[in-house]
Number of protein chains: 2
Amino acid sequence: MEYSIGDFSKLTGLGIHTLRYYEHEDLITPERNSSNRRCYSDKDLTWIEFIKRLKDTGMSIKEIKHYAELRAAGDPTLFERMEMLVQHRQALNEQIAMLQEHKIKLDEKIEFYRNEIGRVNNGIIEN
Amino acid sequence: MEYSIGDFSKLTGLGIHTLRYYEHEDLITPERNSSNRRCYSDKDLTWIEFIKRLKDTGMSIKEIKHYAELRAAGDPTLFERMEMLVQHRQALNEQIAMLQEHKIKLDEKIEFYRNEIGRVNNGIIEN
DNA sequence: TCTTGACATAGAGTTTACTCTACATTGTAT
DNA sequence: ATACAATGTAGAGTAAACTCTATGTCAAGA
């Protein structure tokens, strides 16, 4: 299947402007038809979903761009790409661990609020 | 204990400029001494650590500012503040869940790379 | 044929969260 | 007393990641 930029935008949830911006940054390079319109493929779809994943896990556009360059260079860069992902996984693990700690503290804080509110309410009732 | 902005900066890991910026945004309002220098207290320290936690879990400065305003208004806003935190916890839980899914996909991708690299290497050896 | 809507490019503008600069003032060590 | 480091304010500058505007092209329906 091939998609116009409008269709691809709906498909991916990324704005048209964002897609063009990503292309400008060499993250993705869709084919063009005879009238110079962008033709996104299913391969592009898979690729952009992966880009979204990297972004959502905190990788910067600059880093993704680097990854995309390696990808464009083909097999010789397989190892380097894997290394990038392994490093990114490490960062992701740390991020998850940090958030889980924060979550515990937040739970505690909410519990504290629950008690405070109870205390204040009792005060009101007693007066 | 009281701290100068320099000491407080080292204590919190936030830059002096950032601390002043946070004050400008009304996130924190340290006392001033007779010569108009900022005097941060241990209460400020606890507060800024909480701010850092909110930030690290994805709350924007604008939202934190709102929370800070409620906090400054005292007991009458206890419930509203708790509600904010409960909502933020919800967002945090979703964020963690999303990252865990991404982690699984990333693991799979890395496994895929491991196989690809093995395949390519075998090709080289066989030639 | 004419108009409309999607698409094209180049470049400007926006938002967030800092980060830095310029310049004045003050506290401290020599 | 003097130099120097830390602090003060106001406002400009930066980086990232979009997001929008102006202007132009082109294919398809009324």
Side-chain angles (χ1 to χ4, degrees), chain A residues 1-41 44-45 47-69 88 91 95 102, chain B residues 1-41 44-45 47-69 88 91 95 102:
Chain A
M1 250 328 252
E2 293 203 328
Y3 314 96
S4 70
I5 192 166
D7 292 343
F8 201 65
S9 170
K10 276 160 204 153
L11 217 53
T12 58
L14 296 171
I16 285 178
H17 297 301
T18 305
L19 288 171
R20 288 201 273 249
Y21 163 67
Y22 281 4
E23 185 172 345
H24 183 75
E25 294 299 308
D26 300 318
L27 299 193
I28 187 166
T29 49
E31 299 287 317
R32 298 295 178 110
N33 69 13
S34 56
S35 7
N36 198 34
R37 302 287 171 89
R38 291 171 178 83
C39 289
Y40 292 92
S41 68
D44 288 324
L45 185 57
W47 171 229
I48 208 94
E49 292 300 340
F50 186 62
I51 288 177
K52 280 169 68 179
R53 204 176 288 290
L54 293 178
K55 253 195 56 55
D56 284 351
T57 50
M59 191 182 280
S60 70
I61 295 291
K62 198 174 161 187
E63 284 174 293
I64 296 173
K65 183 185 172 134
H66 181 215
Y67 184 89
E69 280 164 10
H88 186 59
Q95 199 189 342
H102 282 330
Chain B
M1 243 338 244
E2 294 202 329
Y3 313 97
S4 71
I5 193 165
D7 292 344
F8 201 64
S9 170
K10 276 161 203 153
L11 217 52
T12 58
L14 297 170
I16 285 177
H17 297 301
T18 304
L19 288 171
R20 288 201 273 247
Y21 163 67
Y22 281 4
E23 185 172 346
H24 186 254
E25 295 299 307
D26 300 317
L27 299 193
I28 187 166
T29 49
E31 300 287 318
R32 298 295 180 111
N33 69 13
S34 55
S35 6
N36 199 35
R37 302 286 170 92
R38 292 169 178 84
C39 287
Y40 292 92
S41 68
D44 289 323
L45 185 57
W47 171 230
I48 208 95
E49 292 300 339
F50 187 62
I51 289 177
K52 281 169 68 180
R53 204 175 288 289
L54 293 179
K55 253 195 54 58
D56 284 350
T57 50
M59 191 180 281
S60 70
I61 295 290
K62 197 176 162 186
E63 284 175 292
I64 297 173
K65 184 185 173 133
H66 181 216
Y67 185 90
E69 280 164 10
H88 186 59
Q95 199 189 341
H102 283 330

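Naming convention: chains lettered A, B, ... in sequence-line order (proteins, then strands); numbering from 1 in each chain.
- Close approach of DNA chain D to chain B, defined as any atom under 4.0 Å from a non-hydrogen atom of the protein, starts and stops at D:dA6 to D:dT9.
- With rounding to whole Å, A:H24 atom NE2 is found 8 Å from C:dA10 atom P.
- Minimum heavy-atom separation, A:I64 to A:M59: CG1-SD, 3.6 Å.
- Contacts between residues 52-69 of chain B and DNA chain C, defined by a heavy-atom separation under 4.0 Å, are made by B:K55, B:S60, B:I61.
- Applying the side-chain hydrogen bond (donor to acceptor under 3.5 Å, both in side chains) test to B:R53 and every residue at least two apart in sequence or in another chain returns A:H102.
- One atom, CD of A:E23, and another, P of C:dA10, lie 11 Å apart when rounded to the nearest Å.
- One can place NE2 of A:H17 at 17 Å from P of C:dG11, the figure rounded to the nearest angstrom.
- For B:S9, the side-chain hydrogen bond (donor to acceptor under 3.5 Å, both in side chains) criterion is met by no residue, not counting sequence neighbours.
- Salt bridge present: A:K52 and A:E49 bring a charged side-chain N and a carboxylate O closer than 4.0 Å.
- Within 4.0 Å of B:R20, counting heavy atoms only, lies at least one base atom of the nucleic acid.
- The only member of A:E23, A:E31, A:E2 that meets salt bridge (charged side-chain N to carboxylate O under 4.0 Å, His left out) when paired with A:R38 is A:E23.
- Residues B:D26 and B:E69 are not in side-chain contact: their nearest non-hydrogen atoms beyond the backbone lie 4.5 Å or more apart.
- A heavy-atom distance below 4.5 Å is found between the side chains of A:L14 and A:Y22.
- Considering only heavy atoms from C-beta on, A:E25 comes within 4.5 Å of A:Y21 through its side chain.
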Inset, instruction - Any chance you could lay out the side chain to side chain contact (heavy atoms under 4.5 Å, CB included) test for A:Y3 and A:D44, step after step, and finish with the verdict? - result: CA-CA 10 Å; A:Y3 314 96; A:D44 288 324; over 6 Å; no
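- Between B:F8 and B:L45, some side-chain heavy-atom pair lies under the 4.5 Å cut-off.
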Where do N or O atoms of nucleotides 25-30 of chain C meet protein N or O atoms at under 3.5 Å, pair by pair?
unit_1, atom_1, unit_2, atom_2, d
C:dT26, O4', B:R37, NH2, 3.4
C:dG27, OP1, B:S35, OG, 2.3

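- Classified by interplanar angle (parallel below 30°, tilted 30° to 60°, perpendicular above 60°), the ring pair A:Y67/A:F50 is tilted.
- Between A:Y21 atom OH and C:dG13 atom C1' the separation is 14 Å, expressed in whole Å.
- Straight-line distance from the CD1 atom of A:I16 to the P atom of C:dT9: 12 Å, rounded to whole Å.
- Side-chain atoms of B:L19 and B:I28, non-hydrogen and from C-beta on, never get closer than 4.5 Å to each other.
- Considering every non-hydrogen atom in both A:C39 and A:P30, the closest pair reads O-CB, 3.8 Å.
- Within residues 3-13 of chain A, no residue approaches DNA chain D, by heavy-atom distance under 4.0 Å.
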